[in-house]
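Reminder, nothing fancy here: chain letters follow the sequence lines and each chain counts from 1.
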Amino acid sequence: MIDPSLIRNRLHETAEILARRGFTLDVAAIEKLEAQRKETQTEVERLQHERNRSSKAIGQAKAQGQDVAPLMEAVGALGDRLKELQGQLESIQSELSAILLGIPNLPNDSVPVGAGEEENVEVRRWGTPTEMDFGPKDHVALGANLGMLDFERAARLSQSRFMTMSGPLARLHRGLISFMLDIHTREHGYTEWYVPYIVNADSLRGTGQLPKFEEELFALRCGEDERQLYLIPTAEVPVTNLMREEIIEAGMLPRRFVAHTPCFRSEAGSYGKDTRGMIRQHQFEKVELVQLVRPEESYDALEALTGHAEAILQRLGLPYRVVALCTGDLGFSSAKTYDLEVWLPGQQCYREISSCSNFESFQARRLQARWRNPETGKPELVHTLNGSGLAVGRTLVAIMENFQDRHGAIHIPEALQPYVGGMTKIA
RNA sequence: GGAGAGAUGGCCGAGAGGCUGAAGGCGCUCCCCUGCUAAGGGAGUAUGGGGUUUAUAGCUCCAUCGAGGGUUCGAAUCCCUCUCUCUCCGCCA
């Protein structure tokens, strides 16, 4: 959520900034609601003040044994008027907050302005796209040849967009998770967490998946229970929510958390996209980096965090590029995002494998995640960041496709071999 | 799943319809005193929102005692619903 005071004090300026990312703010509607809100709230508070004063007077008169009947009569009429106005105020405020919750974050000034994906800006490349003197296969063909990757059986168990892995390939997948976690915890200063994979609506609101993106989620209902729970679409949700409604002492910042979790996405509205292979699945594993930092440090932290994700690709020897998303392609909650795209020989293109974002105070405001600023002594919102470090399934795809040989064997990068019991290739 | 107990400020803990945004203690901050240390004395110390203001400070109002509703002129206190925590029993990886 953006700072509500922007709506009150700098509405037009805010609308202009939002226009950069292609979002139209209904300025007229907000101005009208705001005027109503102000008037109603002022009146409600005036009446409450009056009531409080009168009630106090009744108490005092009673204590002195005076007759309170006339006093009570005077106050009686207040109640109805107050109740009516409070009802009005409530409905105005819920309208306003619905608008507010639907407003995306303001892009940072350093974000390139653009309408969509095509206008993203490549920042740097690492490595060169793998050349092969034979026709490289994609991971689907490689996996099928090895007999270790199966989409058809998974569809029978569940539905489309699921898969099974078996044998050494499954082990490689598992090893990747440990590999990533070890690097982030040992070398990048992250604390490892184990967290719930099922969360409530408040958590999803906190990180911005709700109310706007409910159709992306798998919702659970348990027996008679009325409460709605959801499978997490990313570890970002439980991990960032760890600090919900907390006030962090300044000395504890920055906080760096890493967690491996499965992620569940309904992929509504992506029917035609990436239907082949394990690029876009309903269920996948991800190692997620989350940071909570002082506001003035968040852009340095974004560079660092992006570097942490890049380190994994570099260790594995996977060629990739870093792309700065333009304003039109920015996620709802993000102020600035770098995507890491890995080279996939099977598709002859770069594909997203990590997305690293600075949310500034957008999530923190919803979460009420704060720190105590020693300069002011007051609790202030932290800035939150996260990034995949990395998407495990896509990393596996990248390894399969980049390190295949002409016989269809997969060679395991040296850095990874200790994590798969010294195995050097899968054939 | 059954039975019971509980949830109050950074922490502990009182309060059982009105003078309680909340006693007392601990912690923390500042000041005084004490040649060091220990001890002692004094003051301060929740959060969110509105109005005023260019904005802050200030002033002022409102809300908040797990959450939501209700009763009442008035609720931390009474009633209802929910959530969470603890203890015992059962079950279980």
Side-chain angles (χ1 to χ4, degrees), chain A residues 1-14 30-31 33-97 100-101 194 196-206 220-230 238 241-253 361 364-382:
Chain A
M1 189 164 79
I2 63 168
D3 186 345
S5 78
L6 292 175
I7 293 303
R8 280 193 290 275
N9 302 324
R10 291 155 63 185
L11 182 58
H12 291 274
E13 191 186 330
T14 304
I30 292 173
E31 272 176 336
L33 273 170
E34 252 305 299
Q36 287 174 359
R37 191 228 92 229
K38 191 162 167 176
E39 190 192 333
T40 314
Q41 182 165 350
T42 309
E43 182 62 6
V44 163
E45 291 185 354
R46 194 185 64 76
L47 290 174
Q48 283 175 326
H49 176 54
E50 206 170 303
R51 185 202 60 196
N52 290 347
R53 233 186 18 199
S54 305
S55 295
K56 213 162 246 185
I58 290 173
Q60 280 164 356
K62 223 173 187 174
Q64 290 165 16
Q66 296 170 2
D67 180 20
V68 295
L71 278 170
M72 298 215 351
E73 208 171 314
V75 171
L78 253 171
D80 294 337
R81 175 82 183 126
L82 186 56
K83 211 161 256 181
E84 187 195 328
L85 276 173
Q86 276 173 331
Q88 278 179 28
L89 180 62
E90 210 170 298
S91 78
I92 292 167
Q93 275 174 334
S94 71
E95 264 184 81
L96 272 169
S97 91
L100 219 44
L101 283 172
Y194 174 82
Y197 304 155
I198 296 174
V199 295
N200 57 34
D202 280 341
S203 295
L204 289 154
R205 257 190 296 276
L220 303 172
R221 199 175 290 276
C222 186
E224 307 284 290
D225 204 328
E226 290 292 301
R227 278 173 305 160
Q228 184 72 79
L229 294 171
Y230 301 85
N241 272 279
L242 287 170
M243 292 296 124
R244 182 158 103 205
E245 286 159 49
E246 296 209 17
I247 298 171
I248 306 167
E249 288 310 320
M252 295 294 289
L253 292 176
S361 59
R365 186 168 295 105
R366 294 177 172 218
L367 292 162
Q368 284 303 300
R370 295 174 295 175
W371 68 299
R372 196 172 293 279
N373 185 343
E375 281 172 34
T376 60
K378 293 282 172 197
E380 295 172 14
L381 296 170
V382 297

**Message:** Just to verify, what does A/Glu95 make a side chain to side chain donor-acceptor pair (under 3.5 Å) with, not counting sequence neighbours?
**Reply:**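 None.
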Report the base-pairing partner of [N] (Watson-Crick or G-U wobble, both distances below 3.5 angstrom), or none.
| N | answer |
| --- | --- |
| B/G24 | B/C12 |
| B/U72 | none |
| B/U77 | none |
| B/C59 | B/G51 |
| B/C19 | none |
| B/U85 | B/A5 |
| B/G40 | B/C32 |

Under a 3.5 Å threshold, yes or no: a donor from one side chain and an acceptor from the other, between [X] and [Y]?
| X | Y | value |
| --- | --- | --- |
| A/Asn52 | A/Ser55 | no |
| A/Ser361 | A/Arg365 | yes |
| A/Glu90 | A/Gln86 | no |

Separation of the [atom1] atoms in [N] and [M], to the nearest angstrom:
| N | M | atom1 | result |
| --- | --- | --- | --- |
| B/U34 | B/A76 | C1' | 43 Å |
| B/C30 | B/U37 | P | 15 Å |
| B/C86 | B/G17 | C1' | 30 Å |
| B/G48 | B/G10 | P | 11 Å |
| B/C89 | B/U20 | C1' | 42 Å |
| B/C73 | B/G13 | P | 36 Å |
| B/A22 | B/A14 | C1' | 10 Å |
| B/C32 | B/G21 | P | 34 Å |

**Request:** Using heavy atoms to find the nearest nucleotide of RNA chain B for A/Glu380 and A/Lys38 separately, return the residue whose nucleotide is more 5′.
**Result:**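 Counting from the 5' end, the first nearest nucleotide belongs to A/Glu380.
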**Message:** If you assign A/Pro379 and A/Gln41 each to the RNA chain B nucleotide with the nearest heavy atom, which residue ends up on the more 5' nucleotide?
**Reply:**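 By nearest-heavy-atom nucleotide position, the 5'-most residue is A/Pro379.
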Nearest whole angstrom, please: distance from the [atom2] of [N] to the [atom1] of [X].
| X | N | atom1 | atom2 | result |
| --- | --- | --- | --- | --- |
| A/Glu13 | B/A55 | CD | P | 14 Å |
| A/Lys378 | B/A57 | NZ | P | 9 Å |
| A/Met252 | B/G10 | CE | P | 17 Å |
| A/Arg244 | B/U83 | CZ | C1' | 12 Å |
| A/Glu249 | B/C11 | CD | C1' | 13 Å |
| A/Asn373 | B/U29 | CG | C1' | 16 Å |
| A/Gln368 | B/U47 | CD | C1' | 9 Å |
| A/Arg365 | B/G48 | CZ | C1' | 13 Å |

**Message:** A/Arg46 vs A/His49, test: side chain to side chain contact (heavy atoms under 4.5 Å, CB included). Steps then yes/no.
**Reply:** CA-CA 5 Å; A/Arg46 194 185 64 76; A/His49 176 54; 5.7 Å; no
**Prompt:** NA contact type, A/Gln60, heavy-atom cut-off 4.0 Å: base, sugar-phosphate, or nothing?
**Reply:**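 Nothing, no nucleic acid heavy atom in range.
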**Sugar-phosphate only, base, or nothing, as touched by A/Arg372 at under 4.0 Å among non-hydrogen atoms** =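 Sugar-phosphate, no base atom in range.
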**Request:** Report the distance from atom CG of A/Leu85 to atom OG1 of A/Thr40, rounding to the nearest 0.5 Å.
**Result:**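 A/Leu85 atom CG to A/Thr40 atom OG1 measures 6.5 Å (nearest 0.5 Å).
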**Request:** Go along nucleotides 61-74 of chain B 5' to 3' and tag each nucleotide: B for a protein heavy atom under 4.0 Å from its base, S when only backbone or sugar atoms are that close, - otherwise.
**Result:** BSS-------S-BS
**Asked** Are any of the side-chain nitrogens in A/Glu34 or A/Arg37 under 4.0 Å away from the carboxylate oxygens of its partner?
**Response**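 A salt bridge links A/Glu34 with A/Arg37.
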**Message:** Between A/Arg205 and A/Asp202, does any NZ, NE, NH1 or NH2 come within less than 4.0 Å of an OD or OE carboxylate oxygen?
**Reply:**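 A salt bridge is present here (some side-chain N lies under 4.0 Å from a carboxylate O).
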**Item:** Side-chain N,O (A/Arg37) to OP1/OP2 (B/G51) below 4.0 Å
**Value:**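 Answer yes for this pair, as a side-chain N or O of A/Arg37 is under 4.0 Å from OP1 or OP2.
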**Request:** Under the side chain to side chain contact (heavy atoms under 4.5 Å, CB included) rule, collect the residues that match up with A/Ser94, sequence neighbours excluded.
**Result:**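 Per chain and number, A/Ser94 pairs via side chain to side chain contact (heavy atoms under 4.5 Å, CB included) with no residue.
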